[in-house]
K.L.:
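To start, I am sharing the structure in question, which I have written as structure tokens.
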Amino acid sequence: MTAHHITYRQNPPLHDLYIAFMDGFSDYMIRFEMDEATFESVFLVRDQNQPSRSIVAYADDRPVGVLLSGIARLETGWVTRCGGLAVAPGYRQLGIAQELMRRFDEQAQGTRLLEVIQGNDAALGLYERLGYEVVREIVYYQAAVTASSATIEEVSISELFDHHYPSGAHRPIWQRDVRTTQQQATLFRVTEGEREGALLFRDAVLLDVFGRDEDAVWLLQAAASKQPVHLTLTSDRAAFVSAAETLGFVKDAIAQYEMMKQGGERG
């Protein structure tokens, strides 16, 4: 086996982040086909993986491994997320992924957070060995247009931050949380008789739904009443998962685990 000189760099050049990401995920369960500008727009800007916190591994000066990372302070404290970990084929089994995660944990603040695709047993095993625990499942659905008699009206996005996030009984995943990401979102109030709720959209993506469990079917019907939608649900919102199934929403083949490890203010 060829011996490689492995080095690591936090806050690397954006081009190196891109090359390491594309090579590392070249044989992944999900195909990523994008240019560097799209990578920057989606993974760095929208998902708020910050280059200053991200790390690239180099083998003889070639980018061969990457860990994307972002941080946010929520009402519950600091959350630091691993937004992607990958090592290029041919450079695995050299301890690179474990060292990237060690460096991530070392500079993280508060709760450490990540997602892993179900069936990716190698990654799941690594995270479990490092002390991460599965806290819930993340499932994805697609919905055709459904009938609804509810009234839906756009309201100020300030209601999201002043009312829905502070009083919400659930915690959205990082990629759907407007507090942790940068995306154009629109908030709608849903009413019918005594029932009331709210829907948060980015185009045809339902980012979040706010309302009582007993109104889950009614709210999801309203969400899909204008156009086909894509939505993300978590296993701790059992009433809404059940509602999606009841309404015949199509569940994606890909699902994830959300994993966490508690930490102090500084890793």
Side-chain angles (χ1 to χ4, degrees), residues 8-18 20-21 24-25 32 36 38-57 63 65-87 96-117 123-124 126-136 138 157 160-161 164-166 168 170-185 200 202 205 207-208 232 234 236 256-267:
Y8 299 85
R9 181 174 178 180
Q10 187 168 331
N11 196 19
L14 293 184
H15 183 66
D16 290 357
L17 278 173
Y18 171 69
F21 182 95
F25 284 109
F32 292 110
E36 188 169 341
T38 302
F39 166 77
E40 182 177 356
S41 174
V42 173
F43 286 92
L44 304 186
V45 177
R46 190 194 70 188
D47 289 353
Q48 285 295 287
N49 288 299
Q50 299 143 14
S52 62
R53 304 191 69 88
S54 300
I55 308 166
V56 164
V66 63
L67 185 144
L68 301 178
S69 178
I71 190 170
R73 185 172 182 85
L74 303 177
E75 291 84 352
T76 54
W78 287 103
V79 177
T80 308
R81 175 176 177 256
C82 169
L85 173 68
V87 177
I96 293 174
Q98 185 161 338
E99 177 61 17
L100 286 168
M101 285 299 299
R102 187 194 70 79
R103 290 169 181 256
F104 165 76
D105 275 339
E106 188 176 66
Q107 55 89 28
Q109 290 180 252
T111 299
R112 282 76 165 152
L113 171 73
L114 57 86
E115 304 87 30
V116 58
I117 286 183
L124 180 62
L126 170 64
Y127 300 140
E128 288 178 335
R129 290 194 298 274
L130 295 175
Y132 288 80
E133 297 181 350
V134 172
V135 293
R136 57 184 178 176
I138 303 170
I157 196 69
L160 178 67
F161 300 96
H164 295 295
Y165 276 152
H170 70 282
R171 175 178 56 83
I173 66 170
W174 177 286
Q175 304 98 306
R176 299 293 186 257
D177 193 331
V178 178
R179 296 168 298 182
T180 58
T181 58
Q182 184 173 315
Q183 48 192 323
Q184 290 295 113
L200 183 66
R202 185 192 75 233
V205 176
L207 297 175
D208 211 341
T232 304
T234 49
D236 54 344
Q256 293 177 295
Y257 293 120
E258 184 182 67
M259 304 185 75
M260 284 186 176
K261 181 167 78 170
Q262 298 302 322
E265 285 300 291
R266 178 67 63 182

K.L.:
CG of Asp105 to OH of Tyr132: how many Å apart, nearest 0.5 Å?
P.N.:
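Reported value, rounded in 0.5 Å steps: 3.5 Å.
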K.L.:
Please report the shortest heavy-atom distance between Pro12 and Ser54, naming the atom on each side.
P.N.:
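The pair with the smallest heavy-atom distance is CD-O, 3.5 Å.
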K.L.:
Under the salt bridge (Lys or Arg N to Asp or Glu O under 4.0 Å) rule, what do Arg103 and Glu106 come out as? Steps first, then yes or no, please.
P.N.:
CA-CA 5 Å; Arg103 290 169 181 256; Glu106 188 176 66; over 6 Å; no
K.L.:
So which of Asp236, Asp208, Thr234 actually passes side chain to side chain donor-acceptor pair (under 3.5 Å) with His170?
P.N.:
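It is Asp208; the other options fail the test.
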K.L.:
Evaluate the side chain to side chain contact (heavy atoms under 4.5 Å, CB included) criterion for residues Arg176 and Ile138: first the C-alpha distance (whole Å), next the side-chain angles of each, then the deciding distance (0.1 Å), finally the verdict.
P.N.:
CA-CA 12 Å; Arg176 299 293 186 257; Ile138 303 170; over 6 Å; no
K.L.:
With a 4.0 Å cut-off, would you call Arg9 and Asp16 a salt bridge?
P.N.:
no
K.L.:
Describe, in one word, how the ring planes of Phe25 and Phe32 are oriented to each other, choosing from parallel (under 30°), tilted (30 to 60°) and perpendicular (over 60°).
P.N.:
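The rings of Phe25 and Phe32 stand perpendicular, inter-plane angle above 60°.
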K.L.:
Looking at every heavy atom in both Ala20 and Gly65, which two are closest together, and how far apart are they?
P.N.:
CB-O, 3.6 Å
K.L.:
May I ask you to decide if Val134's main-chain N or O and Glu128's side chain share a donor-acceptor pair within less than 3.5 Å?
P.N.:
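Checked: no pair found.
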K.L.:
Tell me, yes or no, whether the heavy-atom count around Gln98 atom CD, taken from other residues, nucleotides or ligands under 6.0 Å, exceeds 12.
P.N.:
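For Gln98, atom CD is not crowded (no more than 12 foreign heavy atoms under 6.0 Å).
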K.L.:
Do the side chains of Arg179 and Pro172 get nearer than 4.5 Å, heavy atoms only?
P.N.:
yes
K.L.:
Answer yes or no: is there a donor N or O on one side and an acceptor on the other, between the side chain of Trp174 and the main chain of Asp47, under 3.5 Å?
P.N.:
yes
K.L.:
How many angstroms lie between atom CZ of Arg46 and atom CD of Gln182, to the nearest 0.5 angstrom?
P.N.:
11.5 Å
K.L.:
Could you check whether atom CD of Glu133 has more than 12 heavy atoms from other residues, nucleotides or ligands sitting under 6.0 Å from it?
P.N.:
no
K.L.:
CD of Glu75: more than 12 outside heavy atoms within 6.0 angstrom?
P.N.:
yes
K.L.:
The test is side chain to side chain contact (heavy atoms under 4.5 Å, CB included); show your working for Lys261 and Tyr127 and say whether it passes.
P.N.:
CA-CA 9 Å; Lys261 181 167 78 170; Tyr127 300 140; over 6 Å; no
K.L.:
What are the two closest non-hydrogen atoms of Gly70 and Asn49, and how far apart are they?
P.N.:
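Scanning both residues, the minimum pair turns out to be N-OD1, 4.0 Å.
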K.L.:
If the condition is ring pair (Phe, Tyr, Trp, His ring centres under 6.0 Å), which residues does Tyr257 pass it with, not counting sequence neighbours?
P.N.:
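Partners of Tyr257 under the ring pair (Phe, Tyr, Trp, His ring centres under 6.0 Å) test: none.
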K.L.:
State the CG-CG distance between Leu74 and Asp177, to the nearest 0.5 angstrom.
P.N.:
6.0 Å
K.L.:
What's the shortest heavy-atom distance between Gln183 and Gln175, and which atoms?
P.N.:
NE2-O, 3.1 Å
K.L.:
Mind listing the closest non-hydrogen atom pair of Glu36 and Leu14 along with its distance?
P.N.:
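Answer, listing the atom of Glu36 first, then Leu14: OE2-C, 3.9 Å.
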K.L.:
If every non-hydrogen atom of Gln262 is compared with every non-hydrogen atom of Thr111, which pair is closest and at what distance?
P.N.:
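Shortest heavy-atom contact: OE1-OG1, 3.0 Å.
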K.L.:
Between Tyr8 and Leu67, is the side chain to side chain contact (heavy atoms under 4.5 Å, CB included) condition met? List the steps.
P.N.:
CA-CA 11 Å; Tyr8 299 85; Leu67 185 144; over 6 Å; no
K.L.:
Could you go through the side chain to side chain contact (heavy atoms under 4.5 Å, CB included) check for Phe43 and Leu17 one step at a time?
P.N.:
CA-CA 10 Å; Phe43 286 92; Leu17 278 173; over 6 Å; no
K.L.:
For the CD atom of Gln256 and the CD1 atom of Ile173, what is their distance to the nearest 0.5 Å?
P.N.:
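Taking CD in Gln256 and CD1 in Ile173, the distance rounds to 7.0 Å.
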K.L.:
Got a second to check how far Gln50's CD is from Arg81's CZ, nearest 0.5 Å?
P.N.:
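So the gap between those two atoms works out to 11.0 Å.
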K.L.:
Measure the spacing between CZ of Phe161 and CD1 of Ile157 and express it to the nearest 0.5 Å.
P.N.:
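If we round to the nearest 0.5 Å, Phe161:CZ and Ile157:CD1 are 5.5 Å apart.
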